[in-house]
Amino acid sequence: MIKRLPPPIQPSDQEETGPTGGDSWTTRLRALTDAGRHGEALALLHRMFRPPNPPPDASTLPAALLTAAALSLPSAAAQLHSRAISSGSLPDPFVLTALLSSYSRLSLLSLARRLFADVFPSAPAATLVVAFNALISGHARHSLSSAALALFRRMRRSALPFNAVTLLALLPSCPHSAVPPLHACALRVSLAGKPSVANCLLSAYARAGAVDAARQVFDEMPNPKQVISWNAMISGYAQNGLAPRVLDLYREMEQSGEVEPDPVTLVGVLASCAQLGAHSVGRRIEHYIAQNPAYGSNIYLKNALINLHARCGDLGRAQDIFDMMQERSIVSWTAMIAGYGMHGHGAAALQLFERMRADGIRPDGVVMVSVLSACSHAGMTDKGLEYFSKVERVFGLIPGPEHYACMVDLLGRAGRLKEASDLIKSMAVEPDGAVWGALLGACKIHKNVELGELAFEHVIKLEPMNVGYYVLLSNIYSDAGRLDGVARIRAMMRQRGLRKDAGCSYMELEGSVHLFMADDHSHPQARRIYEMVVKLEALVKEACGEEENKKDELRNEKGKILPQTGFHSEKLAAAFGLLNTEAGREIVVIKNLRVCEDCHLFMKVVSDIVNRKFVVRDASRFHHFEGGVCSCKDYW
DNA sequence: ATAGGGTTAG
């Protein structure tokens with residue numbers, strides 16, 4: 001973050017004592033461009049071409065070209081290209097490479113390729129290696145990964161050696177299948193041990209979903225490992241949703257005493273804490289950050305903390321951090337909007353979004369997902385439709401499958417299933433699993449077997465190993481009394497080796513985590529907890545029996561009087577919370593799956609009977625139970 | 001002087 005900036009240009013050295021040697025031009029241009037001071041860089045560039053300064057030559061052209069690219073000035077690059085030809089400095093490897101690189105950065109790949117073709121027959125091998133690297137990296141940057149690989153093959157056919165830079169250019173964007181062969185190439189020429197290459201290989205494996213291969217690369221690195229290697233492994237796990245492994249590795253990093261975590265480490269760990277709902281670990285990191293003055297203004301860390309608190313149930317703390325930020329990025333706003341959305345505060349989310357726009361921030365696709373999903377969770381169907389219609393028309397964004405998934409969810413929850421499936425039919429892009437999954441979820445809520453079967457057919461083609469979808473259709477059948485359907489899905493799952501995810505809930509107490517599985521007796525307090533659940537269930541039954549309206553509600557929601565089995569994990573966690581916290585304290589429970597209707601009703605009634613607030617995060621959102629009602633208004 | 005590794009939000 002902290003970079004030493006070049007001194008501002010003094011008026012005194014503007015004309016008379018301007019830089020004369022190429023070295024001075026180069027260093028100052030580079031420094032200004034690196035610091036993002038493009039205006040000053042441009043002024044300097046203009047001066048280079050004005051007498052009495054000598055015209056740019058091989059020593060100053062590369063820096064000038066990179067400045068032109070950084071300024072997005074294709075005309076300037078072309079002018080410098082002409083200058084390179086007229087001054088005869090084109091065969092210079094540095095000038096050639098800078099030209100190739102600038103054209104690539106300016107998205108003028110065809111010009112880069114033409115120039116390369118011109119010099120290819122006559123350039124010496126050493127020049128060609130670097131030129132190939134520049135061209136490969138240009139194609140890779142534009143995600144033309146197969147073109148980049150084709151260039152690599154051509155490089156090798158030309159009997160040219162490749163080096164670390166070649167691999168570093170290829171690996172970040174290469175197709176998954178190319179990672180192992182590139183790894184083999186690296187091993188063959190003894191480049192795989194070079195830290196930069198190893199880090200890059202590790203990340204490439206992680207991106208390909210091969211976390212174990214990534215881990216092997218990590219483990220084979222000599223100790224002490226660089227902080228960047230730790231970070232690459234941590235973010236590799238994080239990107240693959242393996243939050244528990246992130247926390248394990250972070251602990252290992254701390255215990256190794258090799259390196260101090262840096263902000264990048266902490267951002268990765270905080271993201272995993274947020275995913276897990278591991279509030280106490282997250283708070284410990286927050287404390288650590290607060291003790292390091294250099295981290296105080298890091299916007300990535302602040303954004304990660306907003307996300308942490310919002311996802312762990314403390315919206316107030318998230319809002320405080322957001323309010324105290326001096327500078328906010330669109331990520332800060334998105335984290336906050338998504339936070340309000342998942343807690344069911346749709347109006348607050350929309351208000352924040354409008355404030356963001358008033359602040360002059362142009363919405364992107366991600367913030368729109370948060371906005372639409374906030375509308376969906378709050379039951380604000382018309383608002384959601386209104387904002388969806390603005391995605392393209394007003395904000396100039398192309399709606400992706402993720403936006404359609406939100407809309408199908410929004411319409412579907414509201415019972416507008418016909419409109420939801422018409423919307424899918426109208427999509428210009430191919431619907432993904434989330435789109436059909438949203439329709440399937442809506443069919444579960446509104447008990448629509450036929451449409452549910454259709455959605456299932458589609459979703460299962462796209463995500464055959466996603467257990468949740470099988471369970472959803474099975475539950476649709478079960479609600480409809482279609483036991484044949486239930487059996488069919490069960491057989492399908494068995495055949496594919498899929499097992500229902502076990503439900504688990506946990507709550508944190510004084511920094512330690514208490515985990516509960518459904519019908520699980522392993523907790524030291526298990527006896528007292530089960531007694532408590534049984535007692536509470538009796539009270540719930542009694543309360544519902546006494547009040548006519550609640551009894552009706554029971555019948556409406558479930559179609560039968562009360563649950564016969566009562567030991568879902570969230571009930572155990574809630575009972576544990578009641579047994580171990582003082583009156584008045586909010587009980588926060590994190591659950592891996594969605595809350596079932598039985599438990600939802602249980603929590604509502606218990607919150608009233610014992611006069612306690614329960615905050616439950618399930619797989620789709622937060623539920624705040626208080627005084628017999630839930631913040632989701634039974635709409636989840 | 002030219003080619004270049006890890007990071008946030010759904």
Side-chain angles (χ1 to χ4, degrees), chain A residues 1 22-23 25-27 29-30 57-66 89 92-102 104-105 126-138 140-141 162-172 194-204 206-207 226-236 238-239 262-271 274-275 298-308 310-311 329-339 341-342 364-374 400-403 405-406 434:
Chain A
M1 286 300 277
D23 202 39
W25 285 110
T26 302
T27 27
L29 262 184
R30 279 217 60 137
D57 60 7
S59 70
T60 49
L61 278 169
L65 277 162
L66 290 185
S89 46
D92 179 281
F94 290 92
V95 173
L96 172 65
T97 311
L99 267 168
L100 292 171
S101 169
S102 306
S104 298
R105 284 168 209 257
T127 303
L128 279 177
V129 171
V130 182
F132 259 115
N133 284 349
L135 206 55
I136 288 172
S137 113
R141 235 200 304 274
F162 61 90
N163 57 29
V165 177
T166 321
L167 296 172
L168 297 177
L170 278 169
L171 282 166
K194 206 177 154 71
S196 61
V197 175
N199 288 334
C200 199
L201 275 166
L202 190 169
S203 300
R207 248 190 311 275
Q226 310 168 322
V227 68
I228 195 159
S229 307
W230 288 96
N231 291 348
M233 195 63 238
I234 284 176
S235 68
Q239 279 155 15
D262 72 0
V264 178
T265 322
L266 300 177
V267 163
V269 179
L270 284 171
Q275 197 201 318
N298 186 311
I299 191 166
Y300 283 88
L301 284 173
K302 295 260 191 248
N303 293 343
L305 286 171
I306 292 173
N307 183 46
L308 171 85
R311 296 184 70 113
S329 70
I330 192 166
V331 180
S332 326
W333 291 92
T334 305
M336 209 56 234
I337 291 168
M342 63 190 135
D364 67 3
V366 181
V367 79
M368 291 318 297
V369 171
S370 314
V371 167
L372 298 176
S373 104
E402 64 278 27
H403 301 104
C406 286

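Quick caveat: nothing in here was measured; it's all calculated off a predicted structure. First the proteins, then the strands, lettered A, B, ... as listed; each starts at 1.
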Kindly indicate whether the side chain of A/Q239 and the base of B/dG6 share any N or O donor-acceptor pair separated by less than 3.5 Å? no
Closest to the A/S137 side chain: B/dA9, B/dA3, B/dG6? B/dA3
By the 4.0 Å heavy-atom rule, please label A/P195 as base, sugar-phosphate, or nothing. base
Classify A/A338 by what it touches in the nucleic acid, base, sugar-phosphate, or nothing, heavy-atom distance under 4.0 Å. sugar-phosphate
Is there a donor-acceptor contact under 3.5 Å linking the side chains of A/S196 and A/N199? no
Between the CG atom in A/L202 and the CG atom in A/N231, the distance rounded to the nearest 0.5 Å is 11.0 Å
Is the distance from OP1 or OP2 of B/dT8 to the nearest side-chain N or O of A/R311 less than 4.0 Å? no
Distance in angstrom units between A/L308 CG and B/dA9 C1', rounded: 14 Å
With a 4.0 Å limit, can you tell me whether A/R141 has a side-chain N or O closer than that to the phosphate oxygens OP1/OP2 of B/dA3? no
Taking CG from A/L301 and P from B/dT8, how many angstroms apart are they, rounded to a whole number? 12 Å
So, do A/L99 and A/L61 sit near enough that their side-chain heavy atoms are less than 4.5 Å apart? no
Under-3.5 Å donor-acceptor pair between A/D262 side chain and B/dG6 base: yes
Reckon A/R207 has a side-chain N or O less than 4.0 Å from the OP1 or OP2 of B/dT7? no
Could you verify whether a donor N or O on one side chain and an acceptor N or O on the other, from A/S101 and A/R105, lie under 3.5 Å apart? yes
Would one find a side-chain N or O of A/N307 under 4.0 angstrom from OP1 or OP2 of B/dA9? yes
Point-to-point distance, once rounded to the nearest 0.5 Å, from CH2 of A/W230 to OG of A/S235: 13.5 Å
Regarding A/S373, tell me which of base, sugar-phosphate or nothing describes its non-hydrogen contacts under 4.0 Å with the strands shown. nothing
OP1 or OP2 of B/dT2 under 4.0 Å from side-chain N/O of A/S101: no
Length of the line joining A/F132:CZ and B/dG4:C1', which is rounded to integer Å: 18 Å
